[in-house]
Amino acid sequence: FRSDVDMVVSLDRDEYGHLLEDPLGPEKVMDRLQVALERYLRPRYPNLKFGPRKAHALPIELGDGYPSFDLVPAFETTTDDDDVLIADREDQRWERSNTRELIRVVADANKASGGTMIHVVRMVKHAVRTKLHEKFPGLAIESIAIPASGESMSYAEASARVFEEGASMLGGPILDPTGRDNLAPKVEEIESGFTQQAKKWFEERAAEAQRARKSAESGDHDQSIAWWHRVFGPPFPSPTKASPESAATALTYGTSAARPSRAWRRSG
């Protein structure tokens, strides 16, 4: 299951508020959500699937050609802010989250980049989760991408900068985009010594990305696309599937380039 969207489901306190004090409340809410979704969505989406539940979310995939989602059950807080209390199955509680603030910060950063950042984040997430470790926190990648993509630039330059920034930040604090939480412990806990392994991996990808850029600048687009294919994997068109003439447009999703997978596709 690969999901591009976290969808927060705001629960009615009058109907479900009693589950706030129940340690199994997050699990019970996901049970009810799954039953309801099965009933109403299965007739329209026969290939509907539910992935293994995460700490905070119920993964749902509608089938080929449709987006996948992580459904996050939540309650509105009663404090003077727009935080929510999201389900936490692992710790059997409801955890305060500033998800709306996070959405605003990421949206502003993407706007400042000219819309480049969100596509680069998706590409880097794909590479990280398929070639480094599937449990690498996606939010950490957004935290790395925001300072690396602070202005409008090409996809090639932005991609190289994100790998360089990741290599620089790993081993130190990685604050979430709002600055509230340090995500570095979540990276380290994946397995013993993983941070240094990840740092080396990002350094290698950064070097390959720079080779890809230099090859393109020298006019060797076939070699450039070969380097990008090595960085990102099969979703990026390989030299055997894209001519040198189309290679230059590959990072901007040109119509002459081989069609990338969903995670690479320009939205809208």
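- Checking side-chain atoms of N110 against main-chain N and O of I118 turns up a donor-acceptor pair under 3.5 Å.
- Going from atom CD of E76 over to atom CG of D12 covers 11.0 Å, rounded to the nearest 0.5 Å.
- A donor-acceptor pair under 3.5 Å links the side-chain atoms of S159 to the main chain of Y155, judged by distance alone.
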TODO: Using the side chain to side chain contact (heavy atoms under 4.5 Å, CB included) rule, take V9 and V72 through it: C-alpha gap first, then chi angles, then the decisive distance, then the call.
DONE: CA-CA 6 Å; V9 180; V72 182; over 6 Å; no

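- Residues F50 and V8 do not share a hydrophobic cluster, clusters being chains of Ile/Leu/Val/Met/Phe/Trp/Tyr side chains in contact below 4.5 Å.
- For K111, the NZ atom counts as loosely surrounded, since its 6.0 Å shell holds 12 or fewer non-hydrogen atoms of other residues, nucleotides or ligands.
- Taking hydrophobic clusters as Ile, Leu, Val, Met, Phe, Trp and Tyr residues chained together by side-chain heavy-atom distances below 4.5 Å, V128 shares a cluster with M169.
- Checked by atom type and distance alone, the side chain of R42 never pairs as donor or acceptor with a backbone atom of L37 at under 3.5 Å.
- Between the R13 side chain and the G17 main chain, no donor and acceptor come within less than 3.5 Å of each other.
- Here the OG atom belonging to S168 is positioned 9.0 Å from the CG atom belonging to L170, to the nearest 0.5 angstrom.
- Scored by the side-chain contact (heavy atoms from CB on, under 4.5 Å) test, R93 finds D88, D91, E95 as partners (sequence neighbours excluded).
- Rounded to the nearest 0.5 Å, atoms CZ (F69) and CE (M7) are 4.5 Å apart.
- A donor and an acceptor atom, one from each side chain of N98 and E101, are located under 3.5 Å apart.
- Here the side chain of K49 pairs no donor or acceptor atom with the backbone of E61 at under 3.5 angstrom.
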TODO: Under the side-chain hydrogen bond (donor to acceptor under 3.5 Å, both in side chains) rule, what do D220 and S218 come out as? Steps first, then yes or no, please.
DONE: CA-CA 6 Å; D220 191 349; S218 67; 5.6 Å; no

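- Counting all heavy atoms, side chain and backbone alike, A160 lies closest to Q210 at CB-NE2, 3.6 Å.
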- [ ] Assess whether side chain to side chain contact (heavy atoms under 4.5 Å, CB included) is satisfied between L24 and R89, documenting all intermediate values.
- [x] CA-CA 8 Å; L24 296 179; R89 293 173 54 252; over 6 Å; no

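- Put simply, the side chain of L33 reaches to within 4.5 Å of the side chain of P73, judged on heavy atoms.
- Note on L48: it clusters hydrophobically with L71, by side-chain heavy-atom contacts below 4.5 Å among ILVMFWY residues.
- Taking every heavy atom of both residues into account, W201 and A127 meet most closely at CZ2-O, 3.8 Å.
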If you look only at distance, which donor and acceptor atoms sit under 3.5 Å apart when one is on a side chain in residues 185-194 and the other is two or more places apart or in another chain?
residue, atom, partner, partner atom, Å
E188, OE1, T195, N, 3.4
E188, OE1, T195, OG1, 2.4
E188, OE2, G193, N, 3.3

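- Using the six-membered ring where Trp is involved, F202 and F136 have ring planes that are tilted, between 30° and 60° apart.
- Contact record, M117 with S113: N-OG, 3.0 Å, taken as the closest heavy-atom pair.
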TODO: For the pair R161 and M153, evaluate side chain to side chain contact (heavy atoms under 4.5 Å, CB included) and give the outcome as yes or no after the intermediate values.
DONE: CA-CA 10 Å; R161 285 196 184 185; M153 65 186 76; 3.3 Å; yes

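- Counting only distance, with no hydrogens or angles, the side chain of R96 and the backbone of V84 share no donor-acceptor pair below 3.5 Å.
- Figure legend: R230 and W228 shown without cation-pi pairing, the cationic atom not lying both under 6.0 angstrom from the six-membered ring centre and within 45 degrees of its axis.
- Side chains of Q92 and E27: no donor on one and acceptor on the other come within 3.5 Å.
- Side-chain atoms of S224 come within 3.5 Å of backbone atoms of A212 as a donor-acceptor pair (strictly under, hydrogens ignored).
- Remark: side-chain polar atoms of H56 are paired, donor with acceptor, to backbone N or O of A87 under 3.5 angstrom.
- Taking a cutoff of 4.0 Å between a charged side-chain nitrogen and a carboxylate oxygen, K200 and E203 do not qualify as a salt bridge.
- Note on R100 versus D82: no salt bridge recorded, every NZ/NE/NH1/NH2 to OD/OE distance being 4.0 Å or above.
- With no hydrogens or angles considered, a side-chain donor-acceptor pair links T77 and D81 at under 3.5 Å.
- The backbone N or O of L58 lies less than 3.5 Å from no partner atom in the side chain of R53, so there is not a single donor-acceptor pair.
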In a table with atom names and distances, give each donor-acceptor pair under 3.5 Å that connects a side chain of residues 141-151 to protein atoms at least two apart or in another chain.
residue, atom, partner, partner atom, Å
E142, OE2, K125, NZ, 3.3
S143, OG, L139, O, 3.0
S143, OG, L175, O, 3.1
S149, OG, A145, O, 3.0

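- Remark: R213 pairs with no residue by the side-chain hydrogen bond (donor to acceptor under 3.5 Å, both in side chains) rule, at least two apart or across chains.
- Evaluation of the ring pair (Phe, Tyr, Trp, His ring centres under 6.0 Å) test over residues 72-117, restricted to residues two or more places apart or in two chains, returns F75-W94.
- Note: L85 CG to S97 OG = 9.0 Å, rounded to the nearest 0.5 Å.
- In terms of heavy atoms, A140 sits closest to I174 at O-CG2, 4.2 Å.
- With sequence neighbours left out, the ring-ring contact (aromatic ring centres under 6.0 Å, His included) criterion links Y16 to no other residue.
- The two atoms that bring K28 and L19 nearest to each other are CD-CD2, 4.0 Å, heavy atoms only.
- Using a 3.5 Å distance cut-off with no hydrogens or angles, the side chains of R211 and Q223 do not pair a donor with an acceptor.
- Taking both residues in full, the closest heavy atoms of I86 and A74 are given as CG2-CB, 4.0 Å, listed atom of the first, atom of the second, then distance.
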Open item on the list: Checking R39 against V35 for the side chain to side chain contact (heavy atoms under 4.5 Å, CB included) test, could you report, in this order, the C-alpha distance in whole Å, the side-chain angles of both residues, the deciding distance, and whether it holds?
Closed with: CA-CA 6 Å; R39 180 187 310 129; V35 169; 3.7 Å; yes

